[in-house]
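Order of the sequence lines sets the chain letters (A, B, ...), proteins ahead of strands, with each chain counted from 1.
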Number of protein chains: 2
Amino acid sequence: MKENKKVSTTRRKSADIRKDNLQLILSVAEQRFAEYGYNGTTISSIADQAQLPKSNILYYFKTKEVLYKEVLTQILKIWLVDMEEMSADQHPREALRHYIILKVKQSKDHSNASRIFASELLHGAPFLREKLQTDLKVQFMKTCQVFREWIAKQWMNPISPEHLLFMIWSSTQAYADYGLQSSILMGKTELDESDFETGAELITQVVLKGCGVKLL
Amino acid sequence: MKENKKVSTTRRKSADIRKDNLQLILSVAEQRFAEYGYNGTTISSIADQAQLPKSNILYYFKTKEVLYKEVLTQILKIWLVDMEEMSADQHPREALRHYIILKVKQSKDHSNASRIFASELLHGAPFLREKLQTDLKVQFMKTCQVFREWIAKQWMNPISPEHLLFMIWSSTQAYADYGLQSSILMGKTELDESDFETGAELITQVVLKGCGVKLL
DNA sequence: CAACTAACTGACCACAGGGTCAACAAGTTA
DNA sequence: TAACTTGTTGACCCTGTGGTCAGTTAGTTG
């Protein structure tokens with residue numbers, strides 16, 4: 001952690017420098033934005049943590065807003081991937097379980113990204129509205145359609161696909177958003193592996209049974 | 001909206017003035033904090049919206065932080081009330097339904113409060129940690145105990161009370177936190193009465209069935 | 001009504017934070 | 001290695017914001 005980039009004696013190509021620094025900045029920025037929100041995060045604080053001068057951050061990202069949007073964009077990509085996997089020919093028993101487990105895992109492994117996303121929505125998605133209306137909506141509607149087909153095949157009870165998806169989103173997402181609250185309430189400093197597992201399993205069970213999906 | 005407090009010819013007692021202004025400021029502050037978060041909210045903006053000079057706000061609340069904490073305190077009170085109603089001698093069929101409906105209603109009627117609370121948790125509860133560890137935790141444990149007794153009575157399946165409560169919280173809370181996202185995805189400008197109803201009903205059904213609570 | 005307290009407010013201040021810029025260093029290329 | 005591009009940085013600026021304060025007005029009380 002101590003070594004400075006300058007210490008390296010080997011010459012680094014411009015392209016590499018650029019790639020590395022962009023990556024470093026984005027990653028540090030993600031942490032800070034997740035913890036302190038957009039307004040609560042200062043460029044200087046990002047700079048400090050990345051061990052770069054503030055000016056250097058501004059060299060790569062013209063403004064704080066640009067940097068934030070870039071972080072958001074990366075996050076949305078991750079967010080959409082999992083949903084794509086569900087398809088109507090899979091049985092909800094496996095497909096939903098798989099999706100729920102993935103989502104909880106994502107809450108655990110990409111907690112920062114999840115929280116930024118949540119915070120953005122919470123405050124009216126000022127930077128994300130457009131993306132929501134296009135990319136996310138498309139995927140949302142596709143997934144609802146999958147649910148509808150499952151219902152038509154009588155693989156699950158006839159319930160509102162939209163609200164079901166909201167329910168799955170929020171309860172899985174909660175393991176990122178409210179992980180801290182949860183750990184406090186359970187008297188721990190942090191949720192551990194088994195908490196995420198138990199959570200994912202419980203959500204799966206409740207959702208499957210609750211939707212009348214036949215278990216094996 | 002146009003009349004200024006000064007226009008009133010009737011004399012107002014100091015106590016009344018104080019009460020009214022405190023109320024006004026707290027209520028406006030709640031809106032702003034919900035929409036823009038702690039750091040995104042300026043005292044001036046609160047002042048503008050309340051049609052009071054900034055100095056006047058600072059007269060009633062020494063600092064921004066004091067004001068914010070006051071808002072939070074009020075919110076937590078509201079938040080805890082509903083949970084108290086559940087007791088072990090009620091049947092989960094009615095008790096859970098009742099609680100879920102209340103929670104969703106709260107998301108609708110006190111969306112601002114809910115969102116501030118969520119935002120606070122999201123960012124590590126810097127101002128709320130203590131309260132969580134005491135007040136909320138007590139109520140949390142009581143409620144988990146109620147669930148346990150239901151399980152013992154075989155009124156519901158043996159599932160983790162903690163995680164079940166998280167699931168109920170997050171999925172009901174979502175109607176405040178992600179109400180905007182939901183409406184965008186459903187192609188509306190705002191969730192309407194029936195959306196909240198459908199949501200509450202769906203959550204209730206899924207939870208009850210999912211927990212193996214016998215329906216009538 | 002006089003003395004007092006509570007409510008109110010504009011002017012002011014300190015300073016943090018986003019962003020600019022000019023100069024310089026390091027890599028690239030012919 | 002010279003000309004050029006890309007990366008790096010400290011000094012600087014300006015706006016916005018939290019907060020102070022002294023002076024004023026409006027209610028209270030003996």
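- Counting any heavy atom pair closer than 4.0 Å across all strands shown, B:Thr41 reaches sugar-phosphate atoms only and no base atom.
- Distance A:Asn56 CG to D:dG10 P: 10 Å, rounded to the nearest Å.
- The aromatic ring centres of A:Tyr175 and B:His163 sit less than 6.0 Å apart.
- Checked by distance alone, B:Lys64 brings no side-chain donor or acceptor within 3.5 Å of a matching partner on the base of D:dG19.
- Here C:dC21 is the nucleotide among C:dC21, C:dG18, D:dT28 with the atom lying nearest to any side-chain atom of A:Ser55.
- Distance B:Arg32 CZ to D:dT17 P: 11 Å, rounded to the nearest Å.
- For A:Ile43, counting side-chain heavy atoms from C-beta on, the closest listed nucleotide (D:dG18, C:dG18, D:dT8) is C:dG18.
- With hydrogens and angles left out, the side chain of A:Lys54 and the base of C:dG17 share no donor-acceptor pair within 3.5 Å.
- Ring geometry for B:Phe166 versus B:Phe140: interplanar angle under 30°, hence parallel rather than tilted (30 to 60°).
- As a whole-Å value, the separation of A:Leu52 CG from D:dG10 C1' is 15 Å.
- We find that CG of A:Asp16 is positioned 15 Å from P of D:dT6, with the value rounded to whole Å.
- Between D:dT8 and A:Asn21, a contact under 4.0 Å exists linking OP1 or OP2 to a side-chain N or O.
- Residue A:Tyr38 contributes atom OH, which lies 9 Å from atom C1' of C:dG18 at whole-angstrom precision.
- Per the geometry, NZ belonging to A:Lys13 stands 14 Å off P belonging to D:dG7, to the nearest Å.
- Side-chain N/O atoms of A:Thr63 and base N/O atoms of C:dG19 include no donor-acceptor pair closer than 3.5 Å.
- In terms of position on DNA chain D, the residue among B:Leu58 and A:Ile17 whose nearest nucleotide sits closer to the 5' end is A:Ile17.
- One can place CG of B:Asp48 at 13 Å from P of D:dG16, the figure rounded to the nearest angstrom.
- Note that A:Lys69 lies outside the cation-pi zone of A:Phe61, set by a 6.0 Å cut-off to the ring centre and a 45° limit from the axis.
- Between B:Glu120 and B:Lys131 there is no salt bridge, since none of the side-chain N atoms of the basic residue sits less than 4.0 Å from a carboxylate O of the acidic one.
- B:Tyr59 has no side-chain polar atom (N or O) that falls below the 4.0 Å cut-off from OP1 or OP2 of C:dC8.
- Of the candidates D:dT9, D:dG18, D:dG7, the closest approach to any side-chain atom of B:Thr42 belongs to D:dG18.
- Checking D:dT28, D:dT9, C:dG27 against every side-chain atom of B:Ser14, the shortest atom distance belongs to D:dT28.
- Distance, A:Asn39 CG to D:dG18 P: 11 Å, rounded to whole Å.
- Checking the phosphate oxygens (OP1, OP2) of D:dG7, a side-chain nitrogen or oxygen of A:Arg18 falls inside 4.0 Å.
- A salt bridge does not link A:Lys105 to A:Glu197: none of the charged nitrogens lies less than 4.0 Å from a carboxylate oxygen.
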